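Below, read A as the first sequence line, B as the second, and so on, with proteins coming before strands; counting in each chain starts at 1. Predicted model, so just to flag it, every value in this text is computed and none were measured.
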Protein chains: 2
Amino acid sequence: MVPTIQDVARYAGVSRSTVSYALSGKRTISRETRERIEAAITELGFTPHAGARALATSQTMVIGLFVQFFEDEFSPAMLQYVLPISDAAREAGYDILMVTEADGPHAVQRISSSGMVDGIILLNVAHEDPRLPVLRKMRQPASMVGLPRTPEGFDVFDLDFAESGRILVDHLAERGHREIILITPREHVFERGGAYSWRFQDAALQRAASYGIRVRSYYGETQQPAVNQQLNQILDAPDQSAMVVHNDAVIAALPSVLYSRGVRVPDDLSVAGMFSEDFGRLFSLPYTAVETSPNKLGRSAVQALVQRMTTPADANPWRVDLVAPQITDRGSTR
Amino acid sequence: MVPTIQDVARYAGVSRSTVSYALSGKRTISRETRERIEAAITELGFTPHAGARALATSQTMVIGLFVQFFEDEFSPAMLQYVLPISDAAREAGYDILMVTEADGPHAVQRISSSGMVDGIILLNVAHEDPRLPVLRKMRQPASMVGLPRTPEGFDVFDLDFAESGRILVDHLAERGHREIILITPREHVFERGGAYSWRFQDAALQRAASYGIRVRSYYGETQQPAVNQQLNQILDAPDQSAMVVHNDAVIAALPSVLYSRGVRVPDDLSVAGMFSEDFGRLFSLPYTAVETSPNKLGRSAVQALVQRMTTPADANPWRVDLVAPQITDRGSTR
DNA sequence: CTGAAAGCGCTTACAG
DNA sequence: CTGAAAGCGCTTACAG
């Protein structure tokens with residue numbers, strides 16, 4: 001039914017090995033032979049069987065992408081990582097097996113030990129991520145977005161959230177603000193070990209303290225209508241001059257809440273956030289923000305992984321890249 | 001290095017076939033033998049090699065999911081289909097190979113003919129979708145979300161957009177509106193063959209005509225700041241009483257635009273849209289809407305595909321399921 | 001209840 | 001420049 005390399009060989013009057021070498025280019029084939037083979041391939045519509053090739057070469061040319069969706073996080077943000085990763089993988093010749101299973105450790109074990117993938121990318125990595133211990137036992141290399149407590153054994157990429165916190169506090173301090181409202185991820189994200197939450201918050205609080213700036217910190221909600229209710233409650237307090245938002249759901253809802261209250265930015269309130277340019281465009285956020293660079297982080301993770309996969313005995317030390325945050329001034333502070 | 005079925009057999013003192021049958025349960029194994037095999041498996045940490053199994057059985061237990069992201073569509077909506085599909089696939093024992101390649105037909109050809117997947121799901125199918133002709137030549141069954149001009153050969157699931165258009169017009173007609181603003185997908189979506197765009201619009205216009213209701217139809221923008229600008233321009237016209245929005249980007253931006261203009265819903269303007277409950281929650285949309293049921297559609301596509309994959313000679317006719325739209329009244333009309 | 005062997009469709013040393 | 005053959009790690013008729 002579906003043609004095999006044997007059919008091609010027979011049709012072209014050569015051996016299977018010759019066809020295989022013509023395909024891979026790993027040895028020189030006479031022009032005439034090569035042309036006969038190519039003709040046979042197009043004539044028969046032959047494509048090598050991926051499974052057979054994987055068995056023979058121990059290479060699947062597939063990357064496992066492990067995504068976790070939590071109720072308390074804002075899902076659209078995740079897509080910003082997935083798409084660049086998928087694109088970068090394809091550019092390097094890999095396909096993406098996307099795994100969204102709730103039981104992360106089990107999924108890693110299952111996919112990895114069955115040899116379905118050559119390498120693994122973890123998204124949304126927690127401080128004590130239960131996927132890492134099992135991942136360490138697997139034979140495939142892995143890279144990730146998100147900084148775990150013990151990154152040894154993996155290439156790790158993340159935004160420098162501490163520095164991001166400082167940059168935003170500096171930005172407001174320079175403009176003379178003496179009080180800042182800080183809206184963080186949900187409390188549950190802290191508890192779960194989403195290290196980005198406290199890396200940002202701790203650094204921001206510390207930097208603010210060094211200026212003598214007072215910070216009122218709130219765990220932001222992530223589901224409507226709680227988001228709007230909470231924002232309104234926070235804004236009911238008098239004399240607020242500046243707000244830093246490190247919470248996707250809150251920042252996405254902010255424009256409508258501010259409009260509804262008649263709060264003008266930056267005249268009545270200075271606002272600065274943490275989001276990517278794409279995210280900002282999607283939700284029409286007119287706020288100065290630290291660019292979270294999901295594109296860059298995702299692509300870096302792919303690149304590092306491809307490097308490890310193609311150089312199995314790679315002696316290079318494991319990377320921990322904390323991308324330096326850049327602020328994009330959209331004029332929402334003063 | 002990594003244990004094979006041979007190692008397990010040796011360790012348990014049986015043959016490879018016995019181990020294989022113990023794994024599959026396709027023949028009865030004596031209790032004692034089975035226990036020895038199980039012990040060997042856990043002891044050695046054995047997992048069957050997926051590639052070898054695929055080669056022997058011609059089954060990969062992987063579904064190819066082909067996603068297309070267009071500049072002129074609103075990406076968060078896509079995730080609402082991807083996640084339920086991934087979950088449903090896993091429940092049926094399948095993993096998901098997610099393909100986002102820009103060249104859809106080529107990607108289908110590549111993945112399908114190399115035997116990487118047992119079946120295929122297409123998302124965001126166009127009226128004349130260039131992926132369908134190549135898909136028809138492939139050996140794997142396929143299902144899809146989105147109604148193509150010629151659905152023969154596939155199981156097709158989509159919302160009944162025509163009926164959705166009628167329902168929303170009826171809803172406003174019942175409330176006495178004599179003029180409706182209709183915001184559709186971008187013009188380019190119509191041109192590209194996104195049939196959902198005109199199926200909805202044509203039906204809505206026709207139904208409105210039957211009531212003698214006047215409809216002003218606009219191609220909605222999808223990128224900021226164009227979305228807000230356009231909305232403001234549309235709303236500048238006097239005497240508007242009702243608006244139907246069939247455009248994700250526009251409906252997501254609508255609350256802030258209406259707030260900023262001081263337009264109150266439904267007192268000043270009746271608003272009805274097309275979006276899922278999840279989407280509405282994500283963007284805090286307080287509008288009456290036809291539920292677009294991405295969850296249901298995605299799961300149906302998986303179910304139908306699993307049926308075809310497990311019953312290759314399935315004689316059941318191809319399905320074209322247009323899900324009956326349900327309106328969710330959130331009190332945004334009167 | 002269990003085993004020996006063929007076969008799935010490739011790749012790659014080994015030989016010439 | 002090309003071929004014959006072993007091997008990758010499974011499954012499954014065939015045999016007993």
* Asked: Of the options B:M309, B:Q140, B:R139, which is the one that meets B:D118 in a side-chain contact (heavy atoms from CB on, under 4.5 Å)?
  -> B:M309
* Asked: Which listed nucleotide (D:dC8, C:dT12, C:dG7) is nearest to the side chain of A:L55?
  -> D:dC8
* Can any side-chain N or O of B:T311 pair as donor or acceptor with the backbone N or O of B:R308 at less than 3.5 Å? -> no
* Asked: If you look at every strand shown and take non-hydrogen atoms under 4.0 Å, does A:T47 touch a base, only sugar-phosphate, or nothing?
  -> sugar-phosphate
* **Check ion pair B:D95-A:R110 (N to O, under 4.0 angstrom)** => yes
* Between P of C:dC1 and CD1 of B:I37, the distance in whole Å -> 13 Å
* Asked: When you check the phosphate oxygens OP1 and OP2 of D:dT11, does a side-chain N or O of B:K26 lie under 4.0 Å from one of them?
  -> no
* To do: To the nearest 0.5 Å, tell me how far B:I29 CD1 sits from B:E35 CD.
  => 12.5 Å
* Asked: Start at the 5' end of DNA chain C and walk down; is the nucleotide closest to B:T28 or to A:V19 reached first?
  -> B:T28
* With a 4.0 Å cut-off on heavy atoms, is A:S20 in touch with a base, just the backbone sugar-phosphate, or nothing at all? -> base
* For the pair made of CD in A:Q6 and P in D:dA4, what is the distance, rounded to whole Å? -> 10 Å
* Provide, to the nearest angstrom, the distance between the CD1 atom belonging to A:I5 and the C1' atom belonging to D:dA5. => 14 Å
* Asked: Which part of the nucleic acid, if any, lies within contact of A:S24, taking any heavy atom under 4.0 Å across all strands shown: a base, the sugar-phosphate backbone alone, or nothing?
  -> nothing
* Tell me: CG of A:D118 to P of D:dC8, nearest whole Å? -> 18 Å
* Between D:dC10 atom P and B:Y21 atom OH, what is the distance in whole Å? -> 15 Å
* **B:T18 side-chain proximity, nearest of D:dC1, C:dC10, C:dG3** => C:dG3
* Asked: Between C:dT2, C:dC1, D:dC1, which one does the side chain of B:R27 approach most closely?
  -> C:dT2
* Taking only side-chain nitrogens and oxygens of B:S15, does any of them come within less than 4.0 Å of OP1 or OP2 of C:dG3? -> yes
* Classify the side chain of A:R53 versus the base of C:dT11 as yes if they form a donor-acceptor pair under 3.5 Å and no if they do not. => no
* Could one point to a donor on the side chain of A:R10 or the base of D:dG3 with an acceptor on the other under 3.5 Å away? -> no
* Quick one: label B:S17 by what it contacts on the DNA or RNA (base, sugar-phosphate, nothing), any heavy atom closer than 4.0 Å. => base
* Structure fact -> By the Watson-Crick or G-U definition, both distances under 3.5 Å, D:dA13 is matched with none
* Do any side-chain nitrogens or oxygens of A:T57 fall under 4.0 Å of OP1 or OP2 in D:dC8? -> no
* To do: Pick base, sugar-phosphate or nothing for A:S58, based on heavy-atom distances below 4.0 Å to the nucleic acid.
  => nothing
* Asked: Can we say B:R299 and B:E91 salt-bridge, meaning some charged N sits less than 4.0 Å from an Asp/Glu carboxylate O?
  -> yes
* **Under 3.5 Å on both distances, the Watson-Crick or G-U partner of C:dA4** => none
* Structure fact -> Rounded to whole Å, the CZ-P distance (B:R36 to C:dC1) equals 14 Å
* When you measure from the centre of the six-membered ring of A:F70, is the NZ or CZ of A:R192 under 6.0 Å away and within 45° of the axis? -> yes
* Asked: Separation of B:D7 atom CG from D:dC8 atom P, in whole Å?
  -> 11 Å
* Asked: When the distance from CZ of B:R34 to C1' of C:dT2 is rounded to whole Å, what number comes out?
  -> 14 Å
